[in-house]
Amino acid sequence: MRLTKFYIPALKEAPADAEIASHKLMIRAGFIRKLAAGVYSLLPAGVKVIRKIEAVIREEMNRAGALEVYLPSVQPASLWEESGRWEVYGKELLRITDRHNREFCYGPTHEEVITDLVRRDVRSYRDLPLNLYQIQTKFRDEIRPRFGVMRAREFSMKDAYSFDADEEGAKENYEAMRKAYTAIFSRLGLKFRAVEADTGQIGGSASHEFMVLAETGEDRIAHCDKCGYAANVEKVELSDIAVSGDENVQDLQSVDTPNAKTIEEVSEFLDMDSSRFIKTLIYKADGNIIAVLIRGDYEVNETKLLRAIDSGEVALASEEEVESVGTMVGFAGPVGLENVRIIADSSVKSIVNGVTGANRVDTHFFNVNPGKDFTPGLYADIREAVPGDPCPRCDDGKLSLARGIEVGHIFQLGVKYSEAMKANFLNREGKERPMIMGCYGIGVGRTGAASIEQNHDDNGIIWPPSIAPFDVVVLPLSLKDEEVVRVAESIYEELKNGGFDPALDDRNLRPGVKFNESDLVGYPLQVVVGRKGLADGVVEVKIRKTGERMTVAPEGAFHKIKETLEKLSSID
RNA sequence: CGGGGCGUAGCGCAGCCUGGUAGCGCGCCUGCUUUGGGAGCAGGAUGUCGGAGGUUCAAAUCCUCUCGCCCCGACCA
């Protein structure tokens with residue numbers, strides 16, 4: 001592609017509303033433009049990158065035996081009513097009405113549509129297993145879209161759905177997808193980790209997220225460097241902490257703690273370590289007020305809490321709500337707290353002679369002992385992991401925490417949708433059974449953004465060759481010098497004919513501009529053709545990633561570029 | 001949705017407090033020069049100051065309402 005004929009408007013300055021590197025760079029380099037909050041247009045270079053990502057996804061999905069379909073983006077409400085999600089999904093679902101006042105939604109995901117499709121045509125175990133996928137636009141009316149295409153409202157997603165006759169088949173399909181995803185993200189040159197994950201709103205039993213490791217990631221993951229166990233902090237299993245010491249259980253006592261409300265203040269006031277505290281948080285869960293206990297030096301993970309109490313939503317209660325159950329913010333405690341369900345983190349179980357609020361102003365209890373002074377209705381693992389927590393899967397591994405960008409998510413759905421929507425088949429024995437389902441998503445645009453988060457420097461993007469908009473850019477530094485132009489043109493033609501996708505910067509710009517824009521756009525290689533080099537009989541090949549420059553005679557350029565690109569691809 | 005902030009030329013911003021002819025840098029157009037890391041000179045184009053209402057002789061500036069966008073929290077590919 002000649003850049004004089006291309007449309008890749010670069011900006012010197014990033015728009016003020018861009019926050020993270022990928023967002024800024026995609027806009028500056030001319031890959032995307034914003035239309036509205038969370039809604040983006042893809043420019044030609046952006047489309048090229050996305051198509052390359054899609055191509056890798058298609059190849060690996062097809063290799064895994066999945067079949068491509070294309071489902072409607074507009075879906076009738078009736079299907080969602082059948083699955084029960086019309087009510088559950090909430091405001092994220094963009095609901096629309098047609099001219100006959102019939103209700104539809106713009107698809108945020110396609111379990112309903114695919115289940116409806118399959119149940120109509122699949123009758124027998126002989127037709128299973130089946131794995132169908134598509135790459136298509138979704139719309140989720142996110143409360144807060146941000147970070148450009150990283151968390152857009154309209155976005156492109158590869159979603160696959162598997163249907164099996166039995167659990168073993170479903171697990172095989174799941175494993176096949178796990179392998180395919182690993183292949184996809186490896187080929188895309190990403191540093192990633194598959195982690196055990198919460199299933200959230202989609203539902204189902206087991207699930208893994210594919211996390212691209214990046215500081216700007218919105219998710220946190222815990223992993224054990226010894227045995228390889230890795231999980232989202234919303235899911236990570238934390239074992240009970242054994243308490244050290246062998247104190248005798250003492251009798252409950254109350255103590256005045258004027259104006260000391262936070263754990264920090266009280267622990268300083270009483271000169272006791274915060275790990276002796278039983279922090280009591282009053283939550284509202286699906287309309288009911290509950291008390292949640294956790295050791296003072298730990299935090300509650302609300303997703304884990306949701307799962308533990310099998311609730312739809314939780315939020316910290318308001319001050320009025322806290323007072324309505326006979327306690328107060330700052331001095332809440334489980335002792336004497338009546339008519340409120342008490343859920344305790346496992347870390348509370350082994351606390352001996354602990355400290356809690358006394359449900360009275362400026363008063364705490366000490367020598368509080370679980371089982372003696374209060375008894376929680378439920379002990380569960382609801383705590384946020386901290387670095388150094390013991391690994392739940394191996395003997396003396398320790399967990400580390402990292403940040404990740406969720407680019408893929410695979411679920412074993414079980415019969416959640418097939419039962420609700422009667423997607424049944426006849427098994428070998430002639431009995432009707434619901435199909436066992438799985439679903440598997442990849443955020444296409446987000447994957448591109450994640451790649452930039454992982455591969456950029458102060459000058460711009462550094463695309464891995466597998467998804468770069470062009471393999472290489474040829475830079476004739478002066479258009480007035482006939483020799484420079486002739487050599488650049490011939491290398492460009494040779495690359496084009498040799499199976500590569502090169503760009504030729506034939507714009508009449510000063511060399512500095514061409515260098516800077518080439519760095520910004522992130523071509524894996526730059527071929528510099530200048531008067532200076534040609535005087536010595538050479539052109540330069542620069543590797544964007546390392547900055548390394550190699551000189552080579554014009555006739556040898558093609559070979560050098562080919563070799564270097566292959567090397568770059570294999571390293572990634 | 002709760003909390004905070006911002007809307008002035010294509011982009012980045014100043015002007016607003018203290019009302020009085022709408023500015024700067026980059027970009028864009030024309031010409032000449034220049035061409036190995038975002039050139040120089042000369043000339044030029046571009047604004048419903050987010051929108052509506054109000055106060056005033058006079059509003060980008062003060063007041064009210066409204067829309068949009070961004071950041072921090074709970075959701076997700």
Side-chain angles (χ1 to χ4, degrees), chain A residues 9-20 23 27-28 30 33-39 57 89-93 108-109 135-160 181 197-202 209-212 218-219 232 234 283 301-303 305-306 312-316 318 405-411 439-450 459-460 475-481 484 508-520 526 528-535 539-540 542 547 549:
Chain A
L11 301 173
K12 270 196 180 173
E13 287 173 282
D17 57 17
E19 191 76 4
I20 60 171
H23 188 197
I27 288 173
R28 277 195 58 208
R33 289 292 183 260
K34 183 171 76 179
L35 179 62
V39 179
I57 293 173
Y89 216 95
K91 287 194 171 169
E92 225 179 283
L93 190 62
T109 176
I135 297 177
Q136 204 229 21
T137 303
K138 311 284 187 216
F139 193 97
R140 295 182 187 174
D141 200 354
E142 297 264 357
I143 303 164
R144 184 143 96 84
R146 63 184 128 170
F147 301 152
V149 299
M150 187 76 85
R151 181 197 283 291
R153 291 192 295 171
E154 183 177 308
F155 63 100
S156 169
M157 174 162 135
K158 188 288 299 176
D159 46 327
Y181 274 40
D198 183 54
T199 51
Q201 213 162 31
I202 305 277
E209 287 166 332
F210 286 76
M211 294 287 191
V212 166
E218 295 182 88
D219 283 282
N232 194 307
E234 297 172 346
Y283 273 92
N301 182 293
E302 290 181 5
T303 305
L305 174 61
L306 270 179
E313 62 178 334
V314 291
L316 279 170
S318 69
I405 299 164
E406 181 189 353
V407 289
H409 200 160
I410 60 179
F411 299 83
C439 77
Y440 318 93
I442 292 178
V444 180
R446 182 181 283 183
T447 300
N459 297 326
L475 304 173
L477 295 188
S478 165
L479 296 187
K480 287 223 171 116
D481 189 305
V484 166
N508 187 16
L509 297 171
R510 298 173 57 82
V513 178
K514 292 189 180 185
F515 288 135
N516 282 316
E517 277 195 21
S518 298
D519 286 349
L520 175 63
Q526 297 167 20
V528 182
V529 183
R531 206 175 285 171
K532 221 165 80 181
L534 288 185
V539 298
E540 263 169 48
K542 179 188 151 184
R549 294 160 192 273

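Just so you know, these numbers use all the heavy atoms, side chains as well, and skip hydrogens, waters and symmetry mates. First the proteins, then the strands, lettered A, B, ... as listed; each starts at 1.
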Asker: With a 4.5 Å limit on heavy-atom distance, are the side chains of H409(A) and Y440(A) in contact?
Answerer: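 Sidechains of Y440(A) and H409(A): no contact.
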Asker: So, under a plain 3.5 Å distance rule, would you say the side chain of R146(A) forms a donor-acceptor pair with the base of C69(B)?
Answerer: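 When only heavy-atom distances are counted, R146(A) does not reach the base of C69(B) through any donor-acceptor pair under 3.5 Å.
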Asker: Could you check how far CG of D198(A) sits from P of A74(B), rounded to whole Å?
Answerer: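 Rounding to the nearest Å, CG of D198(A) and P of A74(B) are 14 Å apart.
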Asker: Take atom P in G19(B) and the same atom in C63(B), then report the distance between them in whole Å.
Answerer: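 To the nearest whole Å, 12 Å.
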Asker: Given that both distances must come in under 3.5 Å, which nucleotide forms a Watson-Crick or G-U wobble pair with C65(B)?
Answerer: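 Across all strands, the one nucleotide that pairs with C65(B) is G51(B).
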Asker: F147(A) CZ to C75(B) P: how many Å, rounded?
Answerer: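 Atom-to-atom, F147(A) to C75(B), this comes out as 16 Å.
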Asker: If I take atom CD in residue E92(A) and atom P in nucleotide C75(B), what distance separates them, rounded to the nearest angstrom?
Answerer: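 Going from CD in E92(A) over to P in C75(B) covers 10 Å.
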Asker: So if I define the base as every atom that isn't primed, P, OP1 or OP2, how would nucleotides 29-36 of chain B read as a B/S/- string at a heavy-atom cutoff under 4.0 Å?
Answerer: -----BBB
Asker: Measure from CZ on F139(A) to C1' on A77(B) and round the result to the nearest Å.
Answerer: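 Checked: the CZ to C1' distance equals 15 Å.
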Asker: Could you run down the sub-3.5 Å N/O contacts of the protein with nucleotides 3-8 of chain B?
Answerer:
none

Asker: Any strand counts, and the cut-off is 3.5 Å on both contacts for Watson-Crick or G-U wobble. Which nucleotide pairs with C32(B)?
Answerer: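 C32(B) is paired, partner G40(B).
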Asker: If we take the P atom in both G7(B) and G15(B), what is their distance in whole Å?
Answerer: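 Between the two P atoms, the distance is 10 Å.
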Asker: Take atom CZ of F155(A) and atom C1' of C76(B), then tell me their distance rounded to the nearest Å.
Answerer: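 In whole Å, C76(B) C1' lies 8 Å from F155(A) CZ.
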Asker: Going by the rule side-chain hydrogen bond (donor to acceptor under 3.5 Å, both in side chains), which residues pair with R151(A) if we only count those two or more places apart in sequence or in a different chain?
Answerer: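 Only E142(A), E218(A) meet the side-chain hydrogen bond (donor to acceptor under 3.5 Å, both in side chains) criterion with R151(A).
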Asker: Shorter than 3.5 Å, N or O on both sides, protein versus nucleotides 42-46 of chain B: list them out with atom names.
Answerer:
none

Asker: Using a cut-off of under 3.5 Å, enumerate the N/O to N/O pairs linking the protein to nucleotides 11-14 of chain B.
Answerer:
residue	atom	partner	partner atom	Å
G12(B)	OP1	A16(A)	N	2.7
G12(B)	O2'	E13(A)	OE2	3.1

Asker: Whole Å only: how far is the CG atom of N459(A) from the P atom of G37(B)?
Answerer: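 The answer, rounded to whole Å, is 14 Å.
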Asker: Return the pairing partner of G2(B) with a 3.5 Å limit on both distances, Watson-Crick or G-U wobble; otherwise return none.
Answerer: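 Here G2(B) is engaged in a pair, and the nucleotide opposite it is C72(B).
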Asker: How far does the P atom of C76(B) sit from the matching atom of C65(B), given to the nearest Å?
Answerer: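 It comes out at 36 Å once rounded to the nearest Å.
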Asker: Using purine N1 to pyrimidine N3 plus N6-O4 or O6-N4 for Watson-Crick, or N1-O2 and O6-N3 for G-U wobble, each under 3.5 Å, what pairs with C24(B)?
Answerer: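 Pairing partner: G12(B).
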Asker: Which comes earlier along RNA chain B counting from the 5' end, the contact point of E406(A) or that of K91(A), where each point is its nearest nucleotide?
Answerer: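 The answer here is K91(A).
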Asker: Please report the distance, rounded to the nearest Å, between CZ in R151(A) and C1' in C75(B).
Answerer: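 For the pair R151(A) CZ and C75(B) C1', the rounded distance is 7 Å.
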Asker: Under 4.5 Å between any side-chain heavy atoms of V528(A) and F515(A), yes or no?
Answerer: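 The answer is yes, as the side chains (C-beta and beyond) meet within the 4.5 Å cut-off.
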Asker: Decide yes or no for N301(A) and E234(A): does some side-chain heavy atom of the first lie under 4.5 Å from some side-chain heavy atom of the second?
Answerer: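 Sidechains of E234(A) and N301(A): in contact.
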Asker: So which atom in V484(A) and which in G530(A) form the shortest heavy-atom distance, rounded to 0.1 Å?
Answerer: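 Scanning both residues completely, I find the closest heavy atoms to be CG2-C, 3.8 Å.
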Asker: Would you mind listing every side-chain hydrogen bond (donor to acceptor under 3.5 Å, both in side chains) that reaches into residues 510-520 of chain A, with sequence neighbours excluded?
Answerer: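 Listed once each, the pairs are R507(A)-E517(A), D519(A)-Q526(A), D519(A)-K542(A).
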Asker: Expressed in angstrom and rounded to an integer, what is the separation of K542(A) atom NZ from G37(B) atom C1'?
Answerer: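 K542(A) atom NZ is separated from G37(B) atom C1' by 9 Å.
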